[in-house]
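Each remark here refers to the structure printed beneath this line.
Heavy atoms only: backbone and side chains are in, while hydrogens, waters and symmetry mates are out. Numbered from 1 within each chain, the chains take letters A, B, ... in sequence-line order.
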Number of protein chains: 2
Amino acid sequence: MKPIYVGLLGIGTVGGGTYTVLKRNQQEIVRRTGRNIEIRMIADLDQEKARHLVAGDPVTITSDAHEVVRHPDIDIVIELIGGQTIAKAAILEAIQHGKHVITANKALLAAHGNEIFAAAQQHNVIVAYEAAVAGGIPIIKALREGLTANRIEWIAGIINGTSNFILSEMRAKGLDFHTVLAHAQQLGYAEADPTYDIEGIDAAHKITLMAALAFGVPIRFDQTYIEGITQLANDDIRYAEELGYRIKLLGITKRVSNGIELRVHPALIPVKRLIANVEGVMNAVIVKGDAVGPTLYYGAGAGAEPTASAVIADLIDVTRLFTASSEHRVPALAFLPAQLSDTPIVPMEAVETAYYLRLQVMDKPGVLADVTRILADCGISINAMVQKEHADEENKVNIIMLTHKTVEGNINMATEKIQNLPVMADKIIRIRLEELNS
Amino acid sequence: MKPIYVGLLGIGTVGGGTYTVLKRNQQEIVRRTGRNIEIRMIADLDQEKARHLVAGDPVTITSDAHEVVRHPDIDIVIELIGGQTIAKAAILEAIQHGKHVITANKALLAAHGNEIFAAAQQHNVIVAYEAAVAGGIPIIKALREGLTANRIEWIAGIINGTSNFILSEMRAKGLDFHTVLAHAQQLGYAEADPTYDIEGIDAAHKITLMAALAFGVPIRFDQTYIEGITQLANDDIRYAEELGYRIKLLGITKRVSNGIELRVHPALIPVKRLIANVEGVMNAVIVKGDAVGPTLYYGAGAGAEPTASAVIADLIDVTRLFTASSEHRVPALAFLPAQLSDTPIVPMEAVETAYYLRLQVMDKPGVLADVTRILADCGISINAMVQKEHADEENKVNIIMLTHKTVEGNINMATEKIQNLPVMADKIIRIRLEELNS
């Protein structure tokens with residue numbers, strides 16, 4: 001089958017990430033779709049940068065977006081130019097030429113989505129925009145497909161990473177807004193002109209789109225209440241914390257008796273809620289459905305590859321629709337049956353994890369020396385150790401150790417040897433430890 | 001267009017929930033799909049219960065699942081019988097009769113999924129199973145569609161609500177395993193025979209399915225390492241906590257250099273991780289992709305309506321495939337363009353929230369009396385109040401109040417009046433407060 005040919009408009013952060021990820025994971029993607037997806041044309045004013053990016057791949061590079069959207073070979077156009085002038089014109093022209101469109105342009109959709117989606121409907125093409133809300137988190141898919149059984153009651157989300165980073169830093173370091181903003185700009189987490197992020201406008205674009213998806217209403221950005229984080233004082237963050245609350249910039253939309261609430265503003269939320277503990281540039285969205293109750297979706301809301309993840313998921317969605325029959329659109333087990341691999345399951349002996357060990361020993365000299373010698377001989381190094389009194393018996397103690405990562409076979413060998421020491425008062429307790437951070 | 005006719009096998013907890021939610025949200029679902037979905041046949045041994053459930057709706061009730069799966073009127077069969085004998089036979093027969101199948105039966109799929117999916121592929125029907133993993137959380141959709149751009153690196157999940165409830169209670173109340181298990185059984189969170197839940201078998205069913213979805217390997221339940229929570233002592237939960245870790249029963253699957261890890265066991269995880277703070281019967285799954293990084297999905301992993309949410313999402317997925325053209329399978333804004341409603345946006349004055357207020361006042365007698373009088377006159381009641389010294393000036397104090405919910409118009413009126421009091425030293429700080437719990 002002929003590959004799907006894609007035209008990419010704009011190779012800034014997300015455009016570059018999209019090209020890179022699509023190429024890197026090509027093989028995995030073909031296992032999922034049964035079809036190659038190739039970026040064949042790129043439009044960017046910086047053609048030198050584009051040539052550097054494609055590194056000799058057979059890609060036509062132009063400075064003219066219109067050349068791409070009109071080209072008869074192109075099946076799908078990815079718009080990552082941003083802004084509302086060229087991007088809008090290019091998308092509408094692509095639609096008129098019968099191309100499917102994928103965009104991450106939340107500002108454009110918030111302002112002109114009703115018009116763009118109507119044009120797409122009329123010309124029988126798809127305009128997909130998973131990347132426009134919460135970056136790599138598949139929240140659009142959850143709202144449009146995963147939660148369709150529900151009457152959605154409300155959505156609340158941390159949907160602007162820049163402002164969440166600033167609030168996290170203000171709290172953690174006791175710094176004021178302007179100091180942290182300057183720091184965020186140095187780190188590249190805030191733009192030179194941070195208005196859209198810190199004034200809540202970016203979050204408003206996203207909550208406006210989610211309100212439409214949740215309630216089946218038109219996109220009404222101009223009716224969104226918007227308040228940013230620029231007025232927040234460190235004192236209030238601290239007082240809130242003392243009362244058990246954390247301040248977050250939230251986008252909220254809610255179905256109430258007299259209509260729909262649609263608003264972006266800082267809010268105190270109880271620290272015990274999961275979403276209150278979303279820190280740094282991460283995003284999270286709670287969706288409350290009448291049947292499912294609250295569900296939460298968490299992940300990177302921006303950045304080259306996380307956003308590319310959403311762009312390419314849309315690419316694959318469109319590709320699957322036009323590659324497989326309805327019944328086989330999504331393979332039952334995500335990969336095509338012919339593409340299953342027989343990668344072996346690693347035997348537990350060979351699995352590498354860290355360990356929590358609790359040794360119940362007689363309180364005698366030399367115990368620790370014996371134990372640590374055995375661990376060392378088995379190639380196990382210790383990360384932390386504490387000694388605790390035994391609850392019941394005075395002459396016994398609990399020695400608790402956290403090990404560094406090691407293969408389970410080593411731990412089996414070591415615990416068997418330690419268990420045989422005469423000072424052992426009871427069976428060794430061993431529980432695996434997972435940092436879940438890599 | 002003729003409605004989609006559904007046959008429902010089994011009206012236990014999830015079957016009953018499915019019937020109820022489908023009926024309750026029929027209108028919302030038609031707005032999303034453009035087509036009625038009707039349960040027309042029910043098979044259950046308890047026909048009296050079935051008659052009570054359908055309450056006079058035109059539904060054929062039988063005790064024979066085979067009658068339903070063979071019936072020419074039925075387009076989709078929902079299997080909620082459970083177990084691996086009748087359920088398996090009914091699903092395979094439905095497939096042979098060209099019916100699409102939706103099931104929540106993780107045990108069956110973990111054991112016989114390879115055979116069932118092969119049969120579905122051969123007969124050109126869909127076997128959908130969102131409800132089989134993590135209840136109402138759309139994690140199957142995330143893995144099969146939302147994260148397709150990624151090479152998945154690992155998955156770790158709290159995917160058994162019963163055992164998570166037990167561990168949460170053991171920690172919170174300092175109780176031992178058997179005491180909490182008995183309590184969970186009283187509450188209906190654990191079954192009379194809790195083996196599948198507490199021994200990790202149910203979690204193993206689910207992680208096995210997710211491993212196949214993540215890595216494109218066959219379902220290999222018999223190679224899964226399984227260790228439950230029955231051996232966990234309260235001491236270890238406490239010691240772990242002191243070291244900054246929480247113990248959770250995790251299902252883990254991971255791509256490593258020598259194959260794939262596939263295991264269920266208790267594990268210490270850092271308390272600062274979001275997933276460590278998932279308490280009670282809730283589920284959460286982290287998926288780490290090479291492009292998107294870690295994403296987390298949280299929600300109810302069991303229960304009548306949360307699981308029904310997933311069953312019906314599958315129903316709608318299948319319905320959309322056979323109702324709309326490819327381009328219009330999922331409406332751009334989730335609802336059909338002709339079905340948009342013009343529900344008004346509530347003006348901010350009429351939005352109801354709680355408030356954090358900080359008043360910077362001169363430290364004089366009578367201030368509180370004046371302030372509380374104004375609040376009462378404006379219909380605002382106070383939930384909490386603390387007084388804090390002013391950082392800079394001795395003769396000023398900060399009065400911090402949390403209000404109960406009130407409409408913003410009342411707060412506007414009250415703060416304007418309070419601001420005009422002669423004792424006010426600075427502008428009133430007001431930040432909205434959202435409990436996010438209803």
Chain A contact via [X] - which portion, at a heavy-atom distance below 4.5 Å:
| X | result |
| --- | --- |
| B:P331 | backbone |
| B:A212 | both |
| B:A233 | side chain |
| B:I139 | neither |
| B:I116 | neither |
| B:L321 | both |
| B:I400 | side chain |
| B:I286 | side chain |
| B:V287 | neither |
| B:T224 | neither |

Legend entry - Residue pair A:I260, B:V346: steps toward the side chain to side chain contact (heavy atoms under 4.5 Å, CB included) verdict: CA-CA 6 Å; A:I260 288 166; B:V346 179; 5.7 Å; no
Give, as side chain, backbone, both or neither, the part of [X] having an atom under 4.5 angstrom from any heavy atom of chain B.
| X | answer |
| --- | --- |
| A:Y225 | side chain |
| A:P337 | side chain |
| A:K254 | side chain |
| A:L336 | neither |
| A:D314 | neither |
| A:A310 | neither |
| A:V311 | neither |
| A:E227 | side chain |
| A:L315 | neither |
| A:A332 | both |
| A:L22 | neither |
| A:Y355 | neither |
| A:L213 | both |
| A:D317 | side chain |

Legend entry - Winner by heavy-atom pair count (cut-off under 4.5 Å) against chain A, out of B:Q339, B:K388, B:E352, B:K248: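 Among B:Q339, B:K388, B:E352, B:K248, the one with the most close pairs to chain A is B:K388.
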Residue among [options] with most heavy-atom pairs under 4.5 Å to chain B:
| options | answer |
| --- | --- |
| A:I269, A:T148, A:L209, A:L340 | A:T148 |
| A:I429, A:N150, A:N114, A:I140 | A:N150 |
| A:I137, A:D236, A:N277 | A:D236 |
| A:E130, A:R263, A:R151 | A:R263 |

Go through the side-chain N and O atoms of [X] and [Y] and say whether any donor and acceptor fall under 3.5 Å apart.
| X | Y | result |
| --- | --- | --- |
| A:N25 | B:D290 | yes |
| B:N283 | B:Y298 | no |
| A:E434 | B:Y245 | no |

Minimum heavy-atom separation for [X] and [Y], please, with both atom names.
| X | Y | answer |
| --- | --- | --- |
| B:L268 | B:A240 | CD2-CB, 3.7 Å |
| A:S326 | B:F322 | CB-CE2, 3.9 Å |
| A:A284 | A:V278 | CB-CG2, 3.6 Å |

Legend entry - Salt-bridge present (A:E305, A:R24; N to O < 4.0 Å):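 Here A:E305 pairs with A:R24 in a salt bridge, since their nearest N and O are under 4.0 Å apart.
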Legend entry - Ionic contact status for A:E28 with B:R255, cut-off 4.0 Å: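 A salt bridge links B:R255 with A:E28.
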Indicate yes or no: at least one non-hydrogen side-chain atom of [X] is less than 4.5 angstrom from one of [Y].
| X | Y | answer |
| --- | --- | --- |
| A:F215 | B:T343 | no |
| B:F117 | B:L109 | yes |
| B:K427 | B:Q360 | no |
| A:Q231 | A:P266 | no |
| A:E327 | B:H123 | no |

Inset, instruction - Could you check whether the rings of A:Y297 and B:Y297 sit parallel, tilted or perpendicular, using 30° and 60° as the cut-offs? - result: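 It falls in the perpendicular class, over 60°.
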Inset, instruction - Report the C-alpha separation of A:L436 and B:W154 in whole Å, then their side-chain angles, then the decisive distance to 0.1 Å, and conclude whether the side chain to side chain contact (heavy atoms under 4.5 Å, CB included) test is met. - result: CA-CA 9 Å; A:L436 299 180; B:W154 54 265; 4.1 Å; yes
